[in-house]
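So the structure is just underneath, and the comments pick up after that.
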Amino acid sequence: MNRLEIENRTILLALTGSRGYGLETATSDYDYRGVFIATEPYYLGFDLIEQKDRGWDTEPTEKFPFLSQDTCLYELKKFLKLLVDNNPNILELLWFKNYINITEVGEKLRQHRQMFLSKKVKQTYSGYGYAQIKKLESHRRWLLNPPTHQPTAGEFGLVDTPPLTVSQMNGFLEYLYGLVRDRIEFLEPAKELYHLLTADIDFKGILKQYPLPEESLEMTQKLANSSNDFIQLLQKSQQYQRACREYKNYQDWQKNRNPERAEMEAKVGYDCKFAMQAIRLLKTGIEILETQSLIVDRRETGDTEELLDIKKGKYTYDQVMEMAKNLYQKLDEAAENSTLPKQVDAEAVNQLCIELVSQQGF
């Protein structure tokens with residue numbers, strides 16, 4: 001589908017990001033997100049489209065000429081799947097009070113927004129908030145102790161033996177993940193752990209991202225029936241790979257930093273935007289669990305000034321981290337006491353999808 005076809009079948013379009021949250025500054029970008037329903041070939045044939053997030057400059061139209069590189073339009077089925085997962089960036093699209101564009105079909109979707117709230121927001125909002133904090137911590141580490149050189153294999157004890165390749169490491173770690181999953185599948189005490197391992201969280205990705213901790217090496221060796229030399233080589237190779245990735249990320253960060261944001265970061269010692277986003281996400285997650293409602297515009301909640309002060313660097317790093325710690329505790333309490341369902345009714349969402357596509361027509 002080209003841009004005009006997608007725009008003509010867009011059922012909902014909102015101004016999001018800092019301007020949608022009521023947290024913009026004079027230099028804030030204009031971020032747009034929306035939902036469209038694909039044409040017949042994409043429902044009845046082999047063609048597949050999930051979203052449009054590029055090509056805005058090369059495919060100009062007159063309908064929504066203001067769309068830019070910070071725009072993403074989701075096809076309905078992809079959008080609904082993300083809603084079922086309680087994706088924070090997706091959930092909020094149904095809770096704006098004003099839209100750039102909304103059709104009758106879009107309004108019907110919005111009227112069903114309550115069905116997409118579940119206790120799963122505890123995991124998604126805490127996870128998204130944690131991701132912002134991890135980025136903040138990485139940048140702070142680079143500010144205080146920047147990498148000085150490209151890591152070498154020898155620094156990780158890999159002198160006589162070359163490190164494992166990424167594909168070799170990932171192949172073994174996928175095998176290890178399968179062993180752990182299969183080992184606990186039929187153990188009653190581990191039932192919850194098994195459900196956790198087979199949930200939507202990418203535990204294989206996490207396993208590949210972090211080196212095996214020292215205390216797990218012996219157990220890993222026994223479980224995989226591997227030699228001690230191989231497990232030691234695996235751990236050292238993981239540590240070397242992670243150091244190389246850290247160095248590359250540092251170089252990319254140095255090269256692509258926004259000058260204004262970099263100046264503020266150097267002044268206060270942490271990335272204020274990541275901090276503000278983390279606090280906003282945690283606050284919103286608590287509100288959903290406590291009130292069964294989602295407030296996008298922070299001017300309605302009364303914490304705009306506090307969030308903007310974080311963004312402007314008026315809080316110290318320790319103050320922000322303490323604030324996040326307290327919010328995580330409140331999030332746990334809110335989830336424990338929430339009356340929201342444990343998960344979204346996927347069958348009801350499937351039926352809604354059929355109704356929306358039928359109403360839109362091809």
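Computed from a prediction, not measured in an experiment: that's the story for all the values here. We use all heavy atoms of the structure for the numbers below, so side chains are in, but hydrogens, waters and symmetry mates are not.
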Cationic N near anionic O, under 4.0 Å, [X] to [Y]:
{"X": "Arg261", "Y": "Asp271", "result": "yes"}
{"X": "Glu218", "Y": "Lys222", "result": "yes"}
{"X": "Glu306", "Y": "Lys283", "result": "yes"}
{"X": "Asp85", "Y": "Lys81", "result": "no"}
{"X": "Glu174", "Y": "Lys208", "result": "yes"}
{"X": "Glu5", "Y": "Lys52", "result": "no"}

For the residue pair [X] and [Y], establish whether any side-chain heavy-atom pair is separated by less than 4.5 Å.
{"X": "Val121", "Y": "Thr284", "value": "no"}
{"X": "Glu322", "Y": "Lys325", "value": "yes"}
{"X": "Leu15", "Y": "Phe96", "value": "no"}
{"X": "Phe172", "Y": "Ser226", "value": "yes"}
{"X": "Thr161", "Y": "Lys236", "value": "no"}
{"X": "Glu355", "Y": "Leu352", "value": "yes"}
{"X": "Leu82", "Y": "Lys78", "value": "yes"}
{"X": "Leu73", "Y": "Leu13", "value": "yes"}

>> Could you go through Glu246 and Tyr250, starting from their C-alpha distance and side-chain angles, then the distance that decides it, and tell me whether this counts as side-chain hydrogen bond (donor to acceptor under 3.5 Å, both in side chains)?
In response: CA-CA 6 Å; Glu246 173 89 352; Tyr250 170 72; over 6 Å; no
> Excluding sequence neighbours, so at least two apart, what forms ring pair (Phe, Tyr, Trp, His ring centres under 6.0 Å) with Tyr315?
Replying inline: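 Ring pair (Phe, Tyr, Trp, His ring centres under 6.0 Å) check on Tyr315 returns nothing, list empty.
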Please check: side-chain N/O of [X] versus main-chain N/O of [Y], any donor-acceptor pairing under 3.5 Å?
{"X": "Thr304", "Y": "Arg299", "result": "yes"}
{"X": "Tyr125", "Y": "Ile286", "result": "no"}
{"X": "Asn249", "Y": "Arg245", "result": "yes"}
{"X": "Tyr99", "Y": "Leu93", "result": "yes"}
{"X": "Glu92", "Y": "Val296", "result": "no"}
{"X": "Asp29", "Y": "Asp31", "result": "no"}

>> If the condition is salt bridge (Lys or Arg N to Asp or Glu O under 4.0 Å), which residues does Arg140 pass it with, not counting sequence neighbours?
In response: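 For Arg140, no residue satisfies salt bridge (Lys or Arg N to Asp or Glu O under 4.0 Å) once neighbours in sequence are set aside.
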> Around atom CD of Gln150, are there more than 12 heavy atoms of other residues, nucleotides or ligands at under 6.0 Å?
Replying inline: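 Counting other residues, nucleotides and ligands, CD of Gln150 exceeds 12 neighbours.
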> For atom CG of Asp252, is the number of surrounding heavy atoms from other residues, nucleotides or ligands below 6.0 Å larger than 12?
Replying inline: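 Above 12, so yes.
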For [X] and [Y], which heavy atoms make the closest approach, and how far apart are they?
{"X": "Asn89", "Y": "Arg33", "value": "O-NH2, 2.8 Å"}
{"X": "Leu83", "Y": "Val344", "value": "O-CG2, 4.4 Å"}
{"X": "Cys72", "Y": "Asp53", "value": "SG-CB, 3.9 Å"}

>> Please determine whether side-chain hydrogen bond (donor to acceptor under 3.5 Å, both in side chains) holds for the pair Tyr21 and Gln277, giving the CA-CA distance in whole Å, both sets of side-chain angles, and the decisive distance to 0.1 Å.
In response: CA-CA 10 Å; Tyr21 305 136; Gln277 294 285 34; 5.4 Å; no
> Which of these passes ring-ring contact (aromatic ring centres under 6.0 Å, His included) with Tyr32: Phe64, Phe66, Trp56?
Replying inline: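 Testing each of Phe64, Phe66, Trp56 against Tyr32, the sole residue satisfying ring-ring contact (aromatic ring centres under 6.0 Å, His included) is Phe66.
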>> I want to check a possible cation-pi pair here: Arg242 against Tyr210, using under 6.0 Å from ring centre and within 45° of the ring axis as the test.
In response: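 Not satisfied by the 6.0 Å and 45° rule.
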> Tell me the ring pair (Phe, Tyr, Trp, His ring centres under 6.0 Å) pairs involving residues 263-313, sequence neighbours left out?
Replying inline: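 Found His139-Phe274.
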>> As an exercise, state the distance from CG of Asn86 to NZ of Lys119, rounded to the nearest 0.5 Å.
In response: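 Answer rounded to 0.5 Å: 13.0 Å.
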> Does a donor on one side chain and an acceptor on the other come within less than 3.5 Å for Thr58 and Arg3?
Replying inline: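 Not at all, the side chains of Thr58 and Arg3 share no donor-acceptor pair under 3.5 Å.
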